[in-house]
Amino acid sequence: EDQVTQSPEALRLQEGESSSLNCSYTVSGLRGLFWYRQDPGKGPEFLFTLYSAGEEKEKERLKATLTKKESFLHITAPKPEDSATYLCAVQAWGATNKLIFGTGTLLAVQP
Amino acid sequence: NAGVTQTPKFQVLKTGQSMTLQCAQDMNHNSMYWYRQDPGMGLRLIYYSASEGTTDKGEVPNGYNVSRLNKREFSLRLESAAPSQTSVYFCASSEAWGLGDTIYFGEGSWLTVV
């Protein structure tokens, strides 16, 4: 069964304290892995798509990486405005665009 | 830029009542989706419309119906609401349902069934 597990469930960082969020996945054949940011009371907002192991994408303080079993979202020198829930989703071959979401990591960055 | 617009934002229903969640997108996207988000469960697909004139069941379709009214609008109907349908509902759209498309989400509709 296709599955996505995110860890930790919650993470509290001091401003400037770098860390990583993990997304482990089990899928029959990976078409793509997506990272989203979700602010309280809002819908998810797309950040990155990764297609193959070894691929990396960067946006400001965020960098997403992908292996055959997991993806990491690295946050370098975070700021309070990076506080949000970060969602990971995978799309499998033959799944007619079905995205399988993880439950997210709630990130709080304290000044 | 409006993007994906959902109404209502909040709704309280009594068990057995019916209601329709409305969704409209202004990005000329072909595909539209309805998801629900529950604590500890992640986002789950209820129904989707790959293109105008088509609708298909997702992961959790029981108790729901949908209508793709036109290319812009995709509504979700609860015919007889149950407490298990208390959730946050998100409408989303994408240009097509192929790999690599980003999906744009609305801001959500908070539904409580008492």
ILVMFWY network linking [X] to [Y], side-chain heavy atoms under 4.5 angstrom:
X      : Y      : value
Y86(A) : Y25(A) : yes
V60(B) : W34(B) : yes
I75(A) : W35(A) : yes

For [X], does the [atom1] atom have more than 12 heavy-atom neighbours from other residues, nucleotides or ligands under 6.0 Å away?
X      : atom1 : value
E9(A)  : CD    : no
K71(B) : NZ    : yes
E79(B) : CD    : yes

Margin query: Using side-chain contact (heavy atoms from CB on, under 4.5 Å), reason through I103(B) and Y36(A) one step at a time and then give a plain yes or no.
Written below: CA-CA 10 Å; I103(B) 294 180; Y36(A) 292 86; 4.0 Å; yes
Next item on the list: Measure the CG-CD distance between D39(A) and E107(B) for me, rounded to the nearest 0.5 Å.
Entry: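 The CG atom of D39(A) sits 10.0 Å away from the CD atom of E107(B).
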Check: Which bit of Q38(A) is near chain B, if near means a heavy-atom gap under 4.5 Å: side chain, backbone, both or neither?
Finding: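 For Q38(A), side-chain heavy atoms alone lie under 4.5 Å from chain B.
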Margin query: With a 4.5 angstrom heavy-atom cut-off, is it the side chain or the backbone of L87(A) that approaches chain B, or both, or neither?
Written below: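 Side chain of L87(A) only, per the 4.5 Å heavy-atom cut-off to chain B.
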Next item on the list: Verify side-chain contact (heavy atoms from CB on, under 4.5 Å) between F46(A) and F105(B), making sure each step is shown before the conclusion.
Entry: CA-CA 9 Å; F46(A) 171 78; F105(B) 288 85; over 6 Å; no
Notebook entry, point to check: Strictly under 6.0 Å, is that where the ring centroids of F101(A) and Y35(B) end up?
Noted result: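 For F101(A) and Y35(B), the ring centres are under 6.0 Å apart.
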Item checked: Heavy-atom pair with the smallest gap, counting every atom of L43(B) and P44(A) ->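 Reported closest heavy-atom pair: CD1-CG, 3.7 Å.
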